[in-house]
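Chain naming here is simple, since letters A, B, ... match the order of the sequence lines and numbering starts at 1 in each.
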Protein chains: 2
Amino acid sequence: MVVHDKQNRTPVRRVTLEDVAKQAGVSRAMASLVIREEPGPTSMTRLRVLAAARMLDYRPDRRARSLASPTSRLIGVTFGGAGHFHFDLLEGLYAAAADHGYDLILSAVTPERGEQQALDSLADFRFDGLVMLGPPVAQPAMAGTIPMTVMGWSVDHESVDVVRTSDEHGMALAVNHLADLGHRRIAHLDGGRGLVANARREAYIRAMGQRGLGGETMVVSGGEDSLDGLRAAGELLAAAELPTAVVAFNDDTAAAAVSLFAREGIDVPGGISVVGWDDSHLAHNPAFDLTSVAQRPHEMARAAIERIVARCDGLDVQGREIVLEPTLVVRSSTGRPPAMDR
Amino acid sequence: MVVHDKQNRTPVRRVTLEDVAKQAGVSRAMASLVIREEPGPTSMTRLRVLAAARMLDYRPDRRARSLASPTSRLIGVTFGGAGHFHFDLLEGLYAAAADHGYDLILSAVTPERGEQQALDSLADFRFDGLVMLGPPVAQPAMAGTIPMTVMGWSVDHESVDVVRTSDEHGMALAVNHLADLGHRRIAHLDGGRGLVANARREAYIRAMGQRGLGGETMVVSGGEDSLDGLRAAGELLAAAELPTAVVAFNDDTAAAAVSLFAREGIDVPGGISVVGWDDSHLAHNPAFDLTSVAQRPHEMARAAIERIVARCDGLDVQGREIVLEPTLVVRSSTGRPPAMDR
DNA sequence: TTGAAAGCGCTACCAG
DNA sequence: CTGGTAGCGCTTTCAA
């Protein structure tokens, strides 16, 4: 940052480590150690430096710091559509990175700005680890060249770490919960064509089969946002037999379905039960109060950062894929089926 | 970036300007000038340096570059909810910044991570200009300390630039278009409590008044996403008299309304006309084909960057607020009212 | 036109 | 335990 004077011209010098050292009456080297919380300085010097830093309102220059050390302590993050869930992940990444003394540098992937461009711009900052929040790609461009973690989907590359929530387990929780309530005709309102949607769809089919409900399988093609959910729920209504329950791809589509059902005079859960996914603010919203499969974005973020930091430190990392178990948060959008048919 | 060897340990040196200079057989200073496209070197040296750079696949180190020069050539960007429109803005900002030799550093504002934290982390990179995409705040923390532009809303501070689309004009376009078609009962499905929503709501009331339709004013409180739109549209349907047209806060809410109307057997535009806002991919979607108020995100982005670059160069900037005129893209969601009442 | 040299703010390695 | 000092990769003087 360059602070300008009233005429908005002359850049004013920011406070440097040198200033802090001088103020504390120690050498720059000492000040550096104190600031970085490295062992060495006596608690006496520590206090003086810290006091000086505070009174001068010192903030280390990340560029200089990153340039001077062999490791940049910068973690690149690519992100795409950035739904609410991704925002939660970002929040967690910021916190976790800070805890490890790392900084995040973000790069957006847009329709016009592809993965490669996003990575290039990050590369110009010499990041030493990469987190990809999306968009999901089967073969990330930098796979194998740098410590890297993808979040939310799977990548089949031996040096790409994966942090995700178990779709298999989440779907089993949802289906079993509904089946336990007496449901048999349980539909899946899917998430479209993405890698994640595919995984959940398959998990649904498997879960239904395992529960002996293979014959009742019903997939309605949907998408990621509420508009998709609306359309898909409409298709559901047009079907010959309405299922007694539906597991949606996420809370957005689930909420859209609930809204539509309500408008059509179908009570939730009286007429139909609905399960969402992500346990987002929508699920908490009393207007929907969705039973939802909960991922733990902050834990996922923490795991991703720890993984990358470990690899940066040259530690050997065991287990390429971290699969967190989701939980099912039961709220009022699920209940017993309208009639115990069969 | 640090490239690692097979054991994932020893950082491998990246190609530096020195390498390029050596390869081209010139001094580092010359190479620097060529890379930055500064006048000085002969076209002969130019060619040699450029060739060397290309063959070595040289990319300047942004940290070093930014550290060495009095100006960092880094523009900070804060962003919040990041709807589709914000993504379009980001895309434009990247392109415009690159054209001026600047780089973007992004910082997310999340529920847990406030404006101040976001700005602090940017400040550690010593950015020399700031673009705020959101969340909209009436008094940005750094107002007056640095060249800064907010996009999409207004800030009442003499040294904060504003780039936005005229809500007044956009609303007038929408209302006049509908009135010209013969509509009188034109409702507004608003955007909730934000600064932008307020501006559009007031613009709607003004536009109706100016068209002599002050008595027909009808505001339905909505929100920013399709779920809000769905709920608001439901309220609209519950009203005693259905309006013959509705101007929505954005395309998401408009599309949700269209979906709901369709489900209720109300033809669009036969039974009711709907106007969206942003001219996003939803508006283009043949399923909706929305008449929509079009902002030009790329031009807005360009204007914001040019503004900041000008201020960084110490140029005096005339006119604190850049208000772009939106256009109305007419598609098939608007038509004549069902009956020419009154 | 070109090249040598002095930093930017910091880390990391020396000697003391 | 402490304080010099040599860089990191680049820009920017200033002489030649």
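- Here the nucleotide nearest the side chain of B:M30, chosen from D:dG3, C:dG3, D:dC10, is C:dG3.
- Not a single salt bridge (Lys or Arg N to Asp or Glu O under 4.0 Å) links B:R320 to another residue, sequence neighbours left out.
- A donor-acceptor pair under 3.5 Å links the side-chain atoms of A:H86 to the main chain of A:L133, judged by distance alone.
- Across the protein-nucleic acid pair, A:F125 atom CZ and D:dC10 atom P stand 14 Å apart, rounded to whole Å.
- Per the geometry, CD belonging to B:E37 stands 16 Å off C1' belonging to D:dT11, to the nearest Å.
- The nucleotide whose nearest atom lies closest to any side-chain atom of A:T42 is, among D:dT2, C:dG7, C:dT11, D:dT2.
- For the pair B:R62 CZ and D:dC10 C1', the computed distance is 11 Å after rounding to whole Å.
- The nearest heavy atom of DNA chain C to B:L33 and to B:L67 marks one nucleotide each, and the one closer to the 5' end goes with B:L33.
- Between B:F87 and B:Y94, a ring centre-to-centre spacing not shorter than 6.0 Å is recorded.
- Minimum atom distance to the side chain of B:P41 is reached by C:dT2, of the listed C:dG9, C:dA12, C:dT2.
- Of the candidates C:dA12, C:dT2, D:dC10, C:dA12 carries the atom nearest the A:R36 side chain, counting heavy atoms from C-beta on.
- Residue A:T45 is classed as a sugar-phosphate contact, given heavy-atom separations below 4.0 Å to backbone atoms only.
- Note: NZ (B:K22) to P (D:dC10) measures 13 Å, nearest angstrom.
- The distance between atom CZ of A:R63 and atom C1' of D:dC10, rounded to the nearest whole Å, is 12 Å.
- Atom P of nucleotide C:dA5 and atom CD of B:E18 are separated by 13 Å, given to the nearest angstrom.
- Remark: A:E18 engages A:R28 in a salt bridge, criterion side-chain N to carboxylate O under 4.0 Å.
- Dashed line: the shortest gap from a side-chain N or O of B:S32 to OP1 or OP2 of D:dT11 is under 4.0 Å.
- In terms of polar N and O atoms assigned as donor or acceptor, the side chain of A:R28 comes within less than 3.5 Å of the base of C:dT11 in a complementary pairing.
- With distances taken from any side-chain atom of B:D61 to the nucleotides D:dT5, D:dG9, C:dT2, the minimum falls on D:dG9.
- To the nearest angstrom, P of C:dC8 lies 18 Å from CG of B:D128.
- Between A:D124 atom CG and D:dC8 atom P the separation is 19 Å, expressed in whole Å.
- Among A:V150, A:I308, A:I322, the one residue that satisfies the side chain to side chain contact (heavy atoms under 4.5 Å, CB included) test with A:V163 is A:I322.
- In terms of phosphate contacts, B:S69 brings no side-chain nitrogen or oxygen within less than 4.0 Å of OP1 or OP2 of D:dT11.
- Closest to the A:A29 side chain, of the nucleotides C:dA12, C:dC10, D:dC8, is C:dA12.
- The residue among B:G40 and B:A68 whose nearest nucleotide of DNA chain C is located toward the 5' end is B:G40.
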